[in-house]
Trainee: 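Encoded as structure tokens, here's the structure I'll be asking about.
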Amino acid sequence: MAAHETPYRYDAARAGELETRWQAQWLATGANRAANPGDESFDATRPKYYILDMFPYPSGVGLHVGHPEGYTATDIVTRYKVMRGFNVLHPMGWDAFGLPAEQYAVQTGVHPAVTTRSAIDNFRRQLQRLGFAYDWSREFGTIDPDYYRWTQWIWLRAYHSYYDESRGCARPIAELEAKCRHEDRPLGDDGVVWSQSTPQQQQAYLDTLRLAFIGSQTVNWCPALGTVLANEEIVDGRSERGSHPVFRMPLRQWMFRITAYAQRLLDDLALVEWPDSTRTMQSEWIGRSEGAEVKFAVEGFGDLTVFTTRPDTLFGASYMVVAPEHPLVEWALAKCPKNFKEITEYVAWSRNRSDVDRQAESREKTGIALGITAMNPATGESIAIWTADYVLMAYGTGAIMAVPAHDERDFAFAARFKLPSRQVVAAADGTPFTADAAACGAGVACNSHNGDLSIDGLTTAVATTTMIDWLTATKRGARRVNFRLRDWLFSRQRYWGEPFPIVFDERGMHFPVSESALPVQLPQLVDYAPVQSDQPVPPLGKATAWVNTTAGEAGIDAKLLDPATAVRRETNTMPGWAGSCWYYLRYCDPKNAARFVSKEAEQYWMGDRGVDLYIGGSEHAVLHLLYARFWHKMLFDLGEVSTVEPFAKLFHQGMITSFAFERADGTLVATDAVHEADGGWIETAAHAPVTRVIAKMSKSLKNVVTPDEVVAEYGADTLRLYEMYMGPLAESKPWNTRDIAGVFRFLQRVWRLAIDERTGELQLARKADPAVERQLHRSIHKVAQDIERLAFNTAIAALIELVNAATRPTAMKDAADGGLTADQLSRFLRALAPFAPHICEELWQRLGERTSITKSQWPAVDESQLVDEILALPVQIQGKVRAHVTVPFNADAAQIEAIVLGDAKVQEAMAGRPPKKIIVVPKRMVNVLV
RNA sequence: AGGCCUGUGGCGGAAUUGGCAGACGCAGCGGACUUAAAAUCCGCAGAGCUCACCCUCAUCCGGGUUCAAGUCCCGGCGGGCCUACCA
């Protein structure tokens, strides 16, 4: 039939027309608005459900097809839950501060405020074109002063708090300060008390306890990015973004004392419904290890403390190693040892190397003896102290006891430098000890006794506790838990971020901006480029009029500082992660000018367990998700939020990959340089066969697909359906443009089921076909179940099967003889609506409905339609299917046995042999053993 | 080097608790309709064997548990992700 004969066919143009029409309508009528408690339209009888997407970082290039995957999934659940009678919160916004926007601005010469706003506008347009049921009235960006005002406020709350170890939670630091003053405590080891200390000393003391504090730290300096980076932002010694080399240097920076929360961040992973892999990654990142600290006496220096997880091997510690940055190195150099020059050179060399150099080189250990010794507290022996860069200053105490017999790293080092070794553990399974390798496993202690203590013969676990008890009793050490997690470096030498609400006076003391003076606005800068320098120089320093101000002007409490005092503003800014640490809270109450979120809105939407469903990429498994949990716990301690964890259920969508082609030598070829021939692929220019492989979408491979092009060719409903039909949400899956036709044809069939393509008239069945009716109930039931378990691909398959069953044959003369009745169509459309909302809304309205399908109820399922009266059961003889029998659905085992044994084919297969055993699995199958 | 995940037709995938392997879609093949093609509708379709099958083989490879294994256990091989001198 020619196109002119089917002018009312569902094609790209029709899809585009009806989709944009309904999108405008939904937006205009606020169809997707969620009412807050206290709002006029709020219905308190409904349960709440909070569905959150990880909000995007709007980039200049716009959305790619990976973005809508997770967004479509949450949209389906949103629409489904609304139809099921929930009050659903489903918001969207923009994570818009940060490095990429700034780098893009520097490249293009356009201010990041301008490029970011236009990127946001483009992202919003693209998302709205896909018909997602976001409550757009709640939209905000992290760059909005109304938002970052509260980011600054939360930071101030942390600044004003410390971690009370005795209570295990954050408390106002004012309480601690009052206590210090009242008790007139000594502030440090030197015994100087509070009242005898200068204000600077008092502040420095409090800074060792604040949750948001300033401190001098060895930081990761990335000259190419012109900023310092958090440990989490470094991969293989290079910046996660851009892969630039990173160097270590000491710097005074704002930090978060996330380590105070290490144990709780670890423990509470048990409370959340998250993928195991993500919980494992977080717990490994936190890196709890149990062991002991042990003091080794160094004559003239004092104690050299090490952390070890194997105190049971203390008798085998035959030398020690400290990190090149360890204070003991300076002390040793001060004694002018023979190899002073070599030590100095080694330390300088290892310090200046970037991490990438350290790791690029072979594992060959380097190091140098310091020419001093320590006393092994167990053996009383003098053992040499070395320095080597395989010992990290940032972990434990920056010093180790080396037990080459039972530690692979120590073994390699000892082998290289011919250092002594002693066996102190015998393998539990009797494997003989050799000097060729370290025996790291557990076993039984040996050669481990002195006049006071013997752990010989004890298993590793018992030997460990015995040793710790002895160390504790003799004050040579103690039980200790150590974490790999380090404090979070929270300042960046960049322009495009939240300013810190803090100023410094000429003494270098810091003062917080009052809450009432927030936000501290980011000043408009014409030149915001990073400053090329060996030393970090924040671009905000160029805003001299903004930086140099008075206490009064900056909003410092007059009780803290005279308003006329000259002060300098902090010129570092917060890192890109700041805004995403609490955005899910702001969505609950985005316009609140008095609080970051009202108690009522927070308690309602966060409920008992926080966000009910959070979907986003697994690349945020450690960074964002750990930081957000940390902020949330601080806010919980301070009484600002009511749940312990922010995200109850987390799910990661897989990556959408693409095809590329690979030559015989393993190099990749762009898709446009290849053609298909005889079921294979040929590189056109070289006439050589290539194989199809799966690769990430990239410009160079010419395999990037954008939602805009798919929407133009098929419409948004088809794109949504295709992305959900590709496979399980969690898996990574290749985009295959060819396959889109399948779901598009499905929507065309849906359309044709209701609409006569030639006339545009509604066409419906006169009466319901019982088989179709039955299948309709089953499909709706399955779709509901599948949505609950996020198995959208199988839900769609069920709907396709239903439509195939209901489709009229071409030969049918009267359309009313087939298809669906109005009532059936109504129910079918509601089941499909979460997936393909536009076409369903259109057909729904054509059925005569006047309220949006969005607001309709999920169709009811008749349970009796889900069971068959007669079941076909496969019958196995000796475990192989040999026959099928039909039985009543409620037949018991005895009845089924009788039917089976009476069946001719069964008897034939049994060949006269008597049944030895019959296994009947109700409603599944029968197995006869002879 | 370690940890976690994963391996099913030509392709994407299904099989929810151990119970008929390959649902559904793509690509392919055949038919109806058409002067013809497209579109549409109906059918076929894991491999093997002489057609068919209530035959044989088959879920990366090799063992095992079980009446029964894609699914559970052990050992390999391949792919992916994470961590990577963390004492």
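A, B, ... follow the sequence lines: proteins, then strands. Residue 1 opens every chain. The model shown is predicted, which means the values in this text are computed figures rather than measured ones.
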Trainee: Using a 4.0 Å heavy-atom cut-off across all strands, classify A:M281 as base, sugar-phosphate, or nothing.
Mentor: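 Sugar-phosphate contact only - A:M281 comes under 4.0 Å of backbone atoms but never of a base.
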
Trainee: State plainly whether the residues A:R288 and A:E290 are in salt-bridge range, i.e. N to O under 4.0 Å.
Mentor: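 Salt bridge: yes.
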
Trainee: Using only side-chain N and O atoms of A:R882, determine if any of them is under 4.0 Å from OP1 or OP2 of B:C53.
Mentor: no

Trainee: Side-chain N or O of A:N793 less than 4.0 angstrom from OP1 or OP2 on B:A14?
Mentor: yes

Trainee: Students often get this wrong, so: under 4.0 angstrom with heavy atoms, is A:L929 touching a base, only sugar-phosphate, or nothing?
Mentor: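 Sugar-phosphate contact only.
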
Trainee: Think A:R484 has a side-chain N or O under 4.0 angstrom from the OP1 or OP2 of B:A87?
Mentor: no

Trainee: Of the options B:A39, B:C41, B:U83, whose atoms approach the side-chain atoms of A:W285 most closely?
Mentor: B:U83

Trainee: Between the base of B:C85 and the side chain of A:K365, is there any donor-acceptor pair under 3.5 Å?
Mentor: yes

Trainee: Considering only NZ, NE, NH1 and NH2 on the basic side and carboxylate oxygens on the acidic side, decide whether A:E284 and A:R484 come within less than 4.0 Å.
Mentor: no

Trainee: Apply the syn/anti split at 90° from 0 to B:G9 and say which one it is.
Mentor: syn

Trainee: Return no unless some side-chain N or O of A:N736 is found under 4.0 Å from OP1 or OP2 of B:G25.
Mentor: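 Answer is no, no contact under 4.0 Å.
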
Trainee: Give A:Q876 one of three labels, base, sugar-phosphate or nothing, depending on what nucleic acid heavy atoms sit under 4.0 Å from its own.
Mentor: base

Trainee: Which residues satisfy the side-chain hydrogen bond (donor to acceptor under 3.5 Å, both in side chains) test with A:Q763, sequence neighbours excluded?
Mentor: none

Trainee: Does A:R738 make a side-chain N or O approach to OP1 or OP2 of B:G25 shorter than 4.0 Å?
Mentor: no

Trainee: Checking base pairs now: Watson-Crick or wobble, both atom distances under 3.5 Å. What partners B:G30?
Mentor: B:C42

Trainee: Taking B:C33 as the reference, what is the distance to B:A21 when you measure between their C1' atoms (whole Å, please)?
Mentor: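 Those two atoms are separated by 37 Å.
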
Trainee: Would one find a side-chain N or O of A:R749 under 4.0 angstrom from OP1 or OP2 of B:C41?
Mentor: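 Answer yes for this pair, as a side-chain N or O of A:R749 is under 4.0 Å from OP1 or OP2.
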
Trainee: Touch check for A:K782, heavy atoms < 4.0 angstrom, all strands: base, sugar-phosphate only, or nothing?
Mentor: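 Base, at least one base heavy atom under 4.0 Å.
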
Trainee: Take atom P in B:C73 and the same atom in B:C4, then report the distance between them in whole Å.
Mentor: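 Between the two P atoms, the distance is 12 Å.
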
Trainee: Donor-acceptor pair, distance only, cut-off 3.5 Å: does the side chain of A:N703 make one with the backbone of A:F659?
Mentor: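 Yes, the answer is positive, given that a donor and an acceptor are paired below the 3.5 Å cut-off.
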
Trainee: A:I800 near the nucleic acid: base, sugar-phosphate alone, or nothing, with a heavy-atom cut-off under 4.0 Å?
Mentor: sugar-phosphate

Trainee: Would you mind checking if A:R310 and A:D312 are paired as a salt bridge, meaning a charged N to carboxylate O distance below 4.0 Å?
Mentor: yes

Trainee: For a quick test of reading the model: is some side-chain N or O of A:S618 closer than 4.0 Å to OP1 or OP2 of B:C81?
Mentor: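 Answer no for this pair, as no side-chain N or O of A:S618 is under 4.0 Å from OP1 or OP2.
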
